[in-house]
*Asks:* 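The structure that follows is given in the form of structure tokens.
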There are 2 protein chains.
Amino acid sequence: MRVEKASSTKIKNTKQRELILNELRKLMSHPTAEELYKIVVKKNPKIGLCTIYRNLETFYKQGLVGKICTKPVRYDGDMSKHSHIRCTSCGKIGDIFFNVPINPVEIQKLGYKLQGYKIEITGLCSSCIKKQKREE
Amino acid sequence: MRVEKASSTKIKNTKQRELILNELRKLMSHPTAEELYKIVVKKNPKIGLCTIYRNLETFYKQGLVGKICTKPVRYDGDMSKHSHIRCTSCGKIGDIFFNVPINPVEIQKLGYKLQGYKIEITGLCSSCIKKQKREE
DNA sequence: AGATAAATGAAAATGATTCTCATTATCATT
DNA sequence: AATGATAATGAGAATCATTTTCATTTATCT
Ligand SMILES: [Mn+2]
Ligand SMILES: [Mn+2]
Ligand SMILES: [Zn+2]
Ligand SMILES: [Zn+2]
């Protein structure tokens, strides 16, 4: 018995999709769906919040945007190879442009096939370091 | 982001707390609060699910257990230094006992004070690799 | 244009987690 | 052991980010 092949659904290019991706790519920040919605809705007042949710997830699955699994989830229009640091004091997400290589062979030895990895770093951002010093 | 007040509250040792921590430490797995509840409730049928949630989070903040920020969140009674790999096919979480060092100085150069980091690896577990091959 | 298949938007549902609050347990002091 | 102070518990309600449902609209193919 033949098992149904993994979905071959054709993705359609809608105005909403284009707008959402463009606006996300313009940003240097890592917005939540809600935050991006507030920007996008100014250019298309008819757009629905769930369309933002839906498309961000689609973009992520297509490898078009990055996803940061905070709560709420944040997305990243910058696909260059980098990591993120979350400030434990103010919650801000910053970019960390340096690389920690993981060797696929090491993972293979442990019985797994490596597909991807993310490094989630926590720390204090510069302004929170200053704030902390002032309070001392 | 909520700024944590320098709490001076004394933590009391309750039977529930001890039971939850002991049962978690017995496991080799990475249970959710709900999964651990199902185990714990057999030994204390009066215990409430929210007590599991509350204490797991307390243990995490005390550095007694590890936390894996999947959805739902998973906890780890094993505090030895290791990373986790999530199988993208079956969702299982496996332990990866090798180390990827991050240099605090590198982070400092970028204006941050490093506090911690986690590496979240994704891939295929051995049984899902086999399953995939069989289907070819 | 007409067919068909996917995307949208509004509203409702979901579900993991957190909150509230009355009650109970723990612990340091008498 | 009794007391008092305070933290923890348990039940249920609330929260809220995200997902689902479904009627309608839109994009794309022939
Ligand atoms: Mn980034
Ligand atoms: Mn582990
Ligand atoms: Zn900060
Ligand atoms: Zn698997």
Side-chain angles (χ1 to χ4, degrees), chain A residues 4-24 30-62 64-65 67-76 86 91 93, chain B residues 1-24 30-62 64-65 67-75 86 91 93:
Chain A
E4 208 60 40
K5 190 65 198 159
S7 66
S8 59
T9 54
K10 269 166 238 163
I11 285 174
K12 290 183 180 174
N13 286 323
T14 62
K15 291 174 180 177
Q16 292 92 332
R17 174 158 302 170
E18 196 183 18
L19 176 61
I20 293 165
L21 188 54
N22 282 341
E23 292 302 312
L24 177 58
H30 305 90
T32 63
E34 191 102 34
E35 285 165 359
L36 189 57
Y37 170 73
K38 283 176 183 157
I39 292 164
V40 158
V41 79
K42 286 176 188 164
K43 306 218 170 180
N44 177 354
K46 288 281 180 65
I47 207 166
L49 173 57
C50 68
T51 302
I52 316 292
Y53 272 104
R54 250 186 312 233
N55 281 306
L56 285 174
E57 203 50 34
T58 306
F59 295 151
Y60 174 66
K61 282 177 184 159
Q62 290 181 288
L64 294 175
V65 308
K67 182 178 180 178
I68 307 172
C69 294
T70 44
K71 191 191 142 186
V73 169
R74 295 178 172 278
Y75 292 88
D76 193 349
R86 181 176 49 80
I93 302 277
Chain B
M1 175 112 301
R2 164 187 291 103
V3 176
E4 217 58 47
K5 186 72 196 161
S7 64
S8 57
T9 54
K10 270 168 236 164
I11 285 175
K12 291 182 179 174
N13 287 322
T14 62
K15 290 172 181 178
Q16 293 91 333
R17 174 158 304 169
E18 196 183 19
L19 176 61
I20 294 165
L21 188 54
N22 282 340
E23 292 302 311
L24 176 59
H30 306 91
T32 63
E34 191 102 35
E35 284 165 358
L36 190 57
Y37 170 73
K38 282 176 185 158
I39 292 164
V40 156
V41 80
K42 286 175 188 165
K43 306 218 170 182
N44 177 355
K46 287 282 181 63
I47 206 166
L49 173 57
C50 67
T51 302
I52 315 292
Y53 271 104
R54 249 187 313 234
N55 282 305
L56 285 173
E57 203 50 34
T58 305
F59 295 150
Y60 174 67
K61 282 177 184 160
Q62 290 180 287
L64 295 175
V65 308
K67 182 179 181 179
I68 307 171
C69 296
T70 44
K71 191 193 144 185
V73 169
R74 295 178 172 278
Y75 292 89
R86 181 176 49 80
I93 303 277

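Below, each value reflects all heavy atoms present in this structure, side chains not excepted, and no hydrogens, waters or symmetry copies. Lettering of chains follows the sequences in order, A, B, ..., and the numbering in each one begins at 1.
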*Asks:* Report yes if the side chains of A:I11 and A:Q62 come closer than 4.5 Å at any heavy-atom pair, otherwise no.
*Replies:* yes
*Asks:* By side chain to side chain donor-acceptor pair (under 3.5 Å), which residues pair with B:K67, not counting sequence neighbours?
*Replies:* B:E57
*Asks:* Protein-nucleotides 28-30 of chain D N/O pairs closer than 3.5 Å?
*Replies:*
| unit_1 | atom_1 | unit_2 | atom_2 | d |
| --- | --- | --- | --- | --- |
| D:dT28 | OP1 | A:N13 | N | 3.4 |

*Asks:* Atom CZ of A:F59 and atom CG of A:D76: how far apart are they, to the nearest 0.5 Å?
*Replies:* 14.0 Å
*Asks:* Mind calculating the distance between CG (A:N55) and P (D:dT20) to the nearest angstrom?
*Replies:* 15 Å
*Asks:* So do B:R86 and B:I68 actually touch side chain to side chain, heavy atoms under 4.5 Å?
*Replies:* no
*Asks:* Cut-off 3.5 Å, no hydrogens considered: what does the side-chain donor-acceptor table look like for residues 47-56 of chain B, sequence neighbours left out?
*Replies:*
| unit_1 | atom_1 | unit_2 | atom_2 | d |
| --- | --- | --- | --- | --- |
| B:N55 | OD1 | B:R17 | NE | 2.9 |
| B:N55 | OD1 | B:R17 | NH2 | 2.7 |
| B:N55 | ND2 | B:T51 | O | 3.0 |

*Asks:* To the nearest Å, how far apart are A:R17 CZ and D:dA27 P?
*Replies:* 11 Å
*Asks:* Quick one, which residues of residues 36-54 of chain B touch DNA chain C with a heavy atom under 4.0 Å?
*Replies:* B:C50, B:Y53, B:R54
*Asks:* Whole-Å distance between C:dG15 P and B:E35 CD?
*Replies:* 16 Å
*Asks:* Both B:K15 and B:E34 contact DNA chain C. Which one's nearest nucleotide lies toward the 5' end?
*Replies:* B:E34
*Asks:* Quick one, B:L19 and B:K15 - any side-chain contact, counting heavy atoms below 4.5 Å?
*Replies:* no
*Asks:* Any side-chain N or O of B:Q16 below 4.0 angstrom from OP1/OP2 of C:dA25?
*Replies:* no
*Asks:* Quick one: are A:L36 and A:Y75 in side-chain contact, heavy atoms under 4.5 Å?
*Replies:* no
*Asks:* From A:Y37 OH over to A:T32 OG1, what is the distance, rounded to the nearest 0.5 angstrom?
*Replies:* 12.5 Å
*Asks:* When the distance from CD of A:E18 to C1' of C:dA6 is rounded to whole Å, what number comes out?
*Replies:* 17 Å
*Asks:* Return the minimal non-hydrogen interatomic distance between B:E35 and B:H30, and the atom names on each side.
*Replies:* OE1-O, 4.3 Å
*Asks:* For the helix from C:dA1-D:dT30 to C:dT30-D:dA1, how many degrees between its two end axes (five pairs per end), to the nearest 10°?
*Replies:* 40°
*Asks:* For DNA chain D, find the residues of residues 68-76 of chain A with a heavy-atom distance under 4.0 Å and give them by number; none if there aren't any.
*Replies:* A:P72, A:V73
*Asks:* Does any non-hydrogen side-chain atom of A:R74 lie less than 4.5 Å from one of A:I93?
*Replies:* yes
*Asks:* Got A:K71 and B:K71 here, is their nearest side-chain heavy-atom distance under 4.5 Å?
*Replies:* no
